[in-house]
Amino acid sequence: MIQLNNVTKSYHTERIETLALDAVTLSIADGEFVAIMGPSGCGKTTLLNLMGLLDTPDAGELLLDDQSIGGQSDRKLSRLRNRKIGFVFQSFHLVQDLNVVDNVEVPLLYRPGVSGRERRRLAREALDQVGLSSRIFHFPNQLSGGQQQRVAVARAIVGAPQILLADEPTGNLDSRMGDEIMDLLKQRHDAGSTVVMVTHDQRMADCADRTVRLFDGRQVQ
Amino acid sequence: MIKHLLKLAWRKKTTNALLMVEIFVAFLVTFSVVALSCFLWNNHRQPLGFEWNHVWGVQIETGDGRTGDSNWQADQVETLRHVLVEAQRLEAVESAAGVLTLPFEMGGSTRTLANLDMQVNEVTDDFLDVMRLELVAGRWFTDEDDAKPWTAIVIDRDLANEAFAGDPIGQSLPRDPEDPEYRVVGVISDFREDGELSAQSNYVFQRKNLDPEERLLRDLVVRVQPDTPAEFEEVLVERLRAVAPGWSFEIRDLEGLRRTSRNFRLAPLVIAGVVGSFLLLMVALGLIGVLWQNVTQRTRELGLRRAVGAHRREIYQQILSELALVTTASLALGVGLLVQLPFLDLIGDISRSVFLTALVTSILVMYSLTLLCGLYPSWLATRVDAADALRSE
């Protein structure tokens with residue numbers, strides 16, 4: 001499903017070059033649940049951004065469904081993200097000016113051929129799956145952190161992507177809410193989705209099939 | 001997508017209200033300038049109704065301190081007759097006539113008869129030839145109008161259409177009982193005394209009898225041969241002085257009067273144009289600033305949209321579409337206000353077609369301006385790096 005071959009990524013500021021990933025080779029199979037762990041600054045989020053096609057490697061190769069994404073146009077990468085990948089972020093990243101159901105509909109706005117009525121139906125279904133069907137007209141600031149993250153999960157799954165990328169999805173939540181979110185991710189995994197989750201929490205990582213550990217940009221396990 | 005953008009616009013109504021006020025005010029100013037420009041341009045395209053090239057104005061001073069409102073004395077009438085004959089006798093002169101108000105002089109008299117406003121001028125019989133007016137019905141003034149119990153008038157086509165249902169020839173203009181009767185003997189195509197930029201207005205030529213009972217004529221118009229040199233002015237004045245000792249004559253350049261009239265009418269446009277342009281520039285800079293700030297504040301939202309599948313072009317279009325929505329709302333308010341003006345009869349001499357043209361042009365100008373202002377902020381929005389934007393806390 002996702003294949004990284006000797007991927008290197010560094011960031012440049014005016015004077016400093018920071019090597020975020022150093023020759024990482026990683027393969028994630030279809031339907032696998034993988035946790036990525038490591039200390040802060042070890043390159044976990046960079047790795048997730050590369051897998052989510054939000055960034056491109058400086059060297060090495062990234063393949064998605066056996067197809068190299070190197071040199072693809074912005075339009076093609078955007079379409080791939082829209083159809084194949086769902087994101088869950090630590091800070092939820094909900095649009096504060098949109099209510100719950102409108103937030104969930106956002107990915108479908110960029111999918112050609114989906115009517116407004118169909119968007120609304122799919123968004124309601126996704127909210128049903130995360131247990132928020134009674135709050136669809138609430139705004140993000142009217143919801144708890146756990147509820148906001150459930151909205152974010154609904155947004156990630158509304159387009160039925162094959163891959164779910166979660167960047168510390170429980171990082172801003174208490175343990176009970178964190179468990180609720182993990183349950184949702186596990187449900188998606190059980191339904192056949194590939195889930196890649198960055199976490200600091202070993203308890204959460206234990207829910208995954210496999211854990212990849214990074215240290216100073218290198219894969220150590 | 002439109003519904004989605006409308007929801008976003010509504011939720012940002014406070015910010016958008018400020019933008020709307022800016023656009024609304026700019027629209028009203030733009031409309032004023034464009035309407036004035038269209039009005040003047042439309043006037044410029046209309047026929048003037050006379051030929052002013054190679055026509056000289058000659059201002060008469062009788063030297064006795066009499067003003068234009070004084071009546072002639074018998075000897076003065078005789079002298080003026082000699083002046084006109086003498087002028088026409090000169091080889092370089094094609095024709096000459098007396099006139100109360102020179103073309104382009106902007107000092108003509110107006111009168112209201114039967115609720116119709118009209119400009120009135122008094123001329124002698126040769127005025128038609130001097131100014132090469134286009135007679136479209138009836139006849140010009142002749143000797144047969146002498147000693148009639150009514151005053152012969154020639155009117156322009158607009159007035160003929162407005163004042164009379166059928167053939168105006170032989171008809172009398174509605175008048176006060178104390179006034180002499182004005183009877184229409186002819187119709188000319190047009191006569192826009194105040195020049196090319198003036199609005200078309202109803203015009204009446206009243207026949208000037210050279211009688212002692214009449215008001216003084218203040219000017220002559222003299223049509224000279226096309227190749228007449230400027231030095232002929234001196235010859236003309238000398239010859240006229242010879243037949244009218246004690247009178248003084250001053251040649252008045254119709255081109256100069258025309259230029260003055262033109263500048264007088266263009267001045268408001270220039271002032272409004274400068275003020276309007278300055279305001280539009282301020283609005284444009286303000287818009288760019290607000291949109292720029294808007295994009296900067298929405299970095300995370302834009303990053304998220306990129307992450308969930310929006311490509312750069314869609315982000316670009318979204319920012320411009322949001323701006324177009326706000327512009328449309330502002331213009332709808334402006335148009336709603338402006339369309340009341342014709343119904344309230346507050347557009348003066350501006351015709352409805354000119355009004356509509358100005359309205360449509362102003363709308364296009366405002367859309368162009370706002371979209372132009374949105375180009376750079378929209379481009380900035382496409383440069384948002386999703387990974388960076390979503391990493392930021």
Side-chain angles (χ1 to χ4, degrees), chain A residues 9 11 20 45-46 48-50 52-56 72-99 101-112 114 116-117 119-120 139 152 155-156 158-159 161 165 167-168 171-172, chain B residues 1-19 290-291 293-323 325-326 378-393:
Chain A
K9 180 73 185 176
Y11 293 105
T45 300
T46 302
L48 205 70
N49 285 341
L50 289 174
L53 313 183
L54 296 177
D55 217 340
T56 50
Q72 301 272 24
S73 67
D74 173 62
R75 180 183 284 264
K76 188 79 185 290
L77 291 177
S78 300
R79 288 288 166 258
L80 281 172
R81 280 199 299 274
N82 183 259
R83 291 187 178 277
K84 289 184 183 281
I85 302 168
F87 290 94
V88 180
F89 304 98
Q90 181 179 358
S91 314
F92 325 134
H93 291 312
L94 300 179
V95 181
Q96 297 299 314
D97 291 321
L98 295 175
N99 64 27
V101 70
D102 289 331
N103 260 292
V104 175
E105 282 184 19
V106 168
L108 301 176
L109 290 170
Y110 304 106
R111 190 170 291 189
V114 182
R117 183 170 293 185
R119 277 203 305 270
R120 184 50 57 108
F139 283 87
R155 182 183 62 198
V158 70
L165 302 179
D167 190 0
E168 302 199 36
N172 281 0
Chain B
M1 193 62 164
I2 294 288
K3 202 172 162 186
H4 178 78
L5 296 181
L6 279 172
K7 283 178 187 171
L8 276 177
W10 177 248
R11 289 287 294 175
K12 295 178 196 298
K13 48 186 176 290
T14 310
T15 313
N16 287 336
L18 291 172
L19 278 178
V290 171
L291 293 171
Q293 188 190 25
N294 188 12
V295 165
T296 310
Q297 286 175 340
R298 293 171 68 187
T299 303
R300 279 210 273 174
E301 180 199 328
L302 296 170
L304 174 87
R305 288 179 188 275
R306 293 278 288 136
V308 299
H311 54 83
R312 289 205 165 99
R313 191 183 174 86
E314 284 170 323
I315 294 290
Y316 192 78
Q317 285 171 344
Q318 181 186 334
I319 301 296
L320 285 183
S321 301
E322 286 177 15
L323 181 58
L325 276 179
V326 173
S378 302
W379 177 82
L380 275 184
T382 67
R383 299 292 105 188
V384 168
D385 184 278
D388 276 349
L390 297 171
R391 191 182 293 131
S392 62
E393 290 298 320

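Just so it is clear: chains get the letters A, B, ... in the order the sequence lines come, proteins before strands, and each one is counted from 1. Note that the structure is a prediction, hence the values are computed from the model and not measured.
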Chemist: Assess whether atom CZ of A/R117 is packed by more than 12 heavy atoms of other residues, nucleotides or ligands within 6.0 Å.
Modeler: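 Count not over threshold, so no.
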
Chemist: At a heavy-atom separation under 4.5 Å, does A/Q96 approach chain B through its side chain, its backbone, both, or neither?
Modeler: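 Interface part for A/Q96: backbone (N, CA, C, O).
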
Chemist: Determine the option with the most heavy-atom pairs under 4.5 angstrom with chain B, choosing from A/S73, A/G86, A/G116, A/P107.
Modeler: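 It is A/P107.
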
Chemist: Give, for atom CG of A/N103 and atom CG of B/L304, the distance between the pair rounded to the nearest 0.5 Å.
Modeler: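 If I round to the nearest 0.5 Å, the distance is 8.0 Å.
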
Chemist: Out of B/R305, B/K3, B/R313, B/K12, return the one with the most heavy atom pairs under 4.5 angstrom to chain A.
Modeler: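 Answer, by heavy-atom pair count under 4.5 Å with chain A: B/R305.
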
Chemist: Shorter than 4.5 Å, heavy atoms on both sides: which option in A/T45, A/D167, A/D97, A/N99 has the most such pairs with chain B?
Modeler: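 Highest number of heavy-atom pairs under 4.5 Å: A/D97.
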
Chemist: Could you have a look at A/N49, A/D74, A/I85 and say which one has the most heavy-atom pairs with chain B under 4.5 angstrom?
Modeler: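 Option with the top pair count is A/D74.
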
Chemist: Who wins among B/K7, B/H311, B/R312, B/E314 for the most heavy-atom pairs under 4.5 Å with chain A?
Modeler: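 Max contact count across the listed options: B/H311.
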
Chemist: Considering only heavy atoms, which portion of A/F92 lies under 4.5 Å from any heavy atom of chain B: side chain, backbone, both, or neither?
Modeler: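 For A/F92, no heavy atom lies under 4.5 Å from chain B.
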
Chemist: Indicate yes or no for a side-chain donor-acceptor contact from A/H93 to the backbone of B/L390 under 3.5 Å, with no hydrogens or angles considered.
Modeler: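 Here the side-chain-to-backbone pair exists.
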
Chemist: Using the six-membered ring of A/F89, assess whether NZ or CZ of B/R300 lies under 6.0 Å from its centre and within 45 degrees of the ring axis.
Modeler: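 So B/R300 doesn't make the cation-pi contact.
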
Chemist: Which answer fits A/R83, side chain, backbone, both or neither, if we ask what part of it has an atom under 4.5 Å from a heavy atom of chain B?
Modeler: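 For A/R83, no heavy atom lies under 4.5 Å from chain B.
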
Chemist: Could you state the interatomic distance from NE2 (B/H4) to CG (A/D102), rounded to the nearest 0.5 Å?
Modeler: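 Answer rounded to 0.5 Å: 7.0 Å.
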
Chemist: Check B/A310 against A/S78 and note the closest heavy-atom contact, atom names and distance.
Modeler: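 Between these two residues, the closest heavy atoms are O-OG, 3.6 Å.
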
Chemist: Specify the closest pair of heavy atoms between A/L54 and B/A307, including all atoms of both residues, with the distance to one decimal.
Modeler: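 Between these two residues, the closest heavy atoms are CD2-CA, 3.6 Å.
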
Chemist: Chain B heavy atoms under 4.5 Å from A/R111: which part of the residue, side chain, backbone, both or neither?
Modeler: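 Neither part.
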
Chemist: For the pair A/R81 (side chain) and B/R306 (backbone), establish whether a donor and an acceptor sit closer than 3.5 Å, ignoring hydrogens and angles.
Modeler: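 Answer holds: yes.
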
